[in-house]
Amino acid sequence: MARTKEQNEKMRNERKKMIMDAAVHLFSSKGFFATKIKDIAVEAQMAQGLVYHYYKSKDDVYYDVLHNAFEKMNEAVEGLKQLDVPAEKKIRMAIRELIKTIDISDNFNQTVRIIASATNSTAIPEKVKALLSENRDISYRIMAAIFEEGQRDGSVVGGDPYELAVAFWSFINGLAVYKATRLENFRMPSPEILYHTFLKTNEAISDT
């Protein structure tokens, strides 16, 4: 029986996810240059020709990994900014959810590691350089706006809002890379550390 359009689309999405998951693991552990399409095919447990059916080159896979990561992160942070709740609650929610994600998602941690490596490389594909240039500061600017909102209502510590955003994301990214490279005996730090760093008030606040 012939597959429906919906079934074909579902299969396509499932296979692309298998390729993406395999690529994230390999780009994180081996690096972009050491990873080959055949390695991705083996990791994804599919024929090399099938990988080429979805991606023309390793560069395209690499681009898609980073594009998907930026798209999800930027949408999440923008959604946080648009919530009709005080800035303090937005910041607490961001800290709690990001630390939780780092704790349970190896894929997230490996992706952060890939982004850090790409940002520090001058030999990556030009289209990836352009992608980084367009996207890497978006989440920083949005968090800076949230910090500035909190400073206006008195809940956030003083200082340049963008510098606070840099400190915030440096902690999150550093923790993700640390978790990705040290899987044994890892102990997740308490969100309270960041609450005390960025917020003036320390009492518990409901996340609902």
Side-chain angles (χ1 to χ4, degrees), residues 1-84 90 93-94 96-119 121 124-136 138-139 142 172-173 175-177 179-181 183 188 207-208:
M1 182 181 295
R3 291 192 297 266
T4 66
K5 181 179 178 180
E6 290 75 16
Q7 288 173 327
N8 285 332
E9 184 66 20
K10 181 181 178 182
M11 180 177 292
R12 174 181 174 82
N13 291 337
E14 288 174 348
R15 286 176 174 171
K16 287 194 72 172
K17 184 179 185 305
M18 291 170 63
I19 294 169
M20 287 291 97
D21 288 347
V24 166
H25 174 72
L26 291 170
F27 288 144
S28 174
S29 60
K30 296 180 63 174
F32 171 68
F33 295 103
T35 299
K36 310 298 182 186
I37 284 286
K38 64 180 180 181
D39 300 325
I40 296 173
V42 170
E43 183 74 17
Q45 298 183 342
M46 65 177 63
Q48 185 172 337
L50 188 56
V51 177
Y52 278 117
H53 177 74
Y54 293 99
Y55 292 98
K56 293 180 180 179
S57 68
K58 179 181 72 172
D59 290 7
D60 289 343
V61 180
Y62 192 58
Y63 178 92
D64 224 11
V65 165
L66 294 173
H67 179 270
N68 289 347
F70 280 126
E71 185 174 59
K72 290 178 181 177
M73 178 58 71
N74 293 340
E75 286 181 359
V77 181
E78 179 60 33
L80 179 72
K81 180 175 179 289
Q82 297 301 327
L83 289 177
D84 187 21
K90 294 176 185 178
M93 290 171 65
R96 187 191 71 252
E97 291 304 317
L98 284 165
I99 287 182
K100 178 181 177 182
T101 299
I102 292 168
D103 192 30
I104 66 175
S105 176
D106 289 336
N107 187 276
F108 176 84
N109 301 330
Q110 291 167 353
T111 302
V112 170
R113 190 179 178 190
I114 294 168
I115 293 173
S117 176
T119 302
S121 175
I124 57 175
E126 288 299 322
K127 63 182 179 181
V128 174
K129 290 181 183 179
L131 179 71
L132 288 169
S133 179
E134 293 169 3
N135 287 274
R136 62 187 174 191
I138 293 176
S139 60
I142 295 173
I172 295 300
N173 293 336
L175 184 59
V177 171
K179 177 73 171 358
T181 56
L183 298 180
M188 183 64 61
D207 293 317
T208 59

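Around the NZ atom of K30, the shell of radius 6.0 Å holds more than 12 heavy atoms that belong to other residues, nucleotides or ligands. Within a 6.0 Å sphere centred on CD of Q45, other residues, nucleotides and ligands contribute 12 heavy atoms or fewer. Heavy atoms from other residues, nucleotides or ligands lying under 6.0 Å from NZ of K81 number 12 at most. No more than 12 heavy atoms of other residues, nucleotides or ligands lie within 6.0 Å of NZ in K10, so this atom counts as exposed by the packing criterion.
N109 CG to N173 CG: the interatomic distance, rounded to the nearest 0.5 Å, is 10.5 Å. With values rounded to the nearest 0.5 angstrom, D59 atom CG is found 10.5 Å from E126 atom CD. Rounding to the nearest 0.5 Å gives a distance of 10.5 Å between CD of E9 and CD of E14. If you take CG on N13 and CE on M20, they are separated by 12.0 Å, rounding to the nearest 0.5 Å. Between the CD1 atom in I138 and the CD atom in E78 there is a gap of 9.5 Å [rounded to 0.5 Å]. Rounding to the nearest 0.5 Å gives a distance of 10.5 Å between CE of M46 and CD1 of I40.
The aromatic rings of Y62 and F27 lie perpendicular to each other, with more than 60° between the two planes, well past the 30° mark.
Counting all heavy atoms, side chain and backbone alike, V61 lies closest to A23 at CG1-CB, 3.5 Å. Here the closest heavy-atom approach between residue A44 and residue A22 is recorded as N-CB, 3.7 Å. In this structure, L83 and K90 approach most closely via the heavy-atom pair O-CE, 3.1 Å. Nearest approach of Q110 to A180, heavy atoms of both residues: N-CB, 4.3 Å.
Using a 4.5 Å heavy-atom cutoff, the side chains of V51 and R15 are not in contact. Side-chain contact between L66 and N135: absent, with no pair of heavy atoms (C-beta onward) separated by less than 4.5 Å. Contact annotation: the side chain of T111 approaches that of N107 to within less than 4.5 Å [non-hydrogen atoms, C-beta and beyond]. For the pair F70/L132, a side-chain contact is recorded, criterion being any heavy-atom separation below 4.5 Å from C-beta on. No side-chain heavy atom of D103 sits less than 4.5 Å from a side-chain heavy atom of K100.
D21 contributes no side-chain N or O that, together with a main-chain N or O of M18, makes up a donor-acceptor pair within less than 3.5 Å. Remark: side-chain polar atoms of T119 are paired, donor with acceptor, to backbone N or O of I115 under 3.5 angstrom. A side-chain donor-acceptor contact under 3.5 Å links K58 to the backbone of T35. Counting only distance, with no hydrogens or angles, the side chain of T181 and the backbone of V177 share a donor-acceptor pair below 3.5 Å. In this structure, the side chain of K38 does not engage the main chain of Q48 through any donor-acceptor pair within 3.5 Å.
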Item to check | Verdict with reasoning, I142 to N74, per side-chain contact (heavy atoms from CB on, under 4.5 Å) | outcome: CA-CA 9 Å; I142 295 173; N74 293 340; 5.6 Å; no
Item to check | Derivation of the side-chain contact (heavy atoms from CB on, under 4.5 Å) call for L131 and R136 | outcome: CA-CA 8 Å; L131 179 71; R136 62 187 174 191; over 6 Å; no
Checklist entry - Where do K36 and V42 land on the side-chain contact (heavy atoms from CB on, under 4.5 Å) test, with the steps shown first? => result CA-CA 10 Å; K36 310 298 182 186; V42 170; over 6 Å; no
Item to check | side-chain contact (heavy atoms from CB on, under 4.5 Å) between M188 and L175, intermediate numbers included | outcome: CA-CA 9 Å; M188 183 64 61; L175 184 59; 3.7 Å; yes
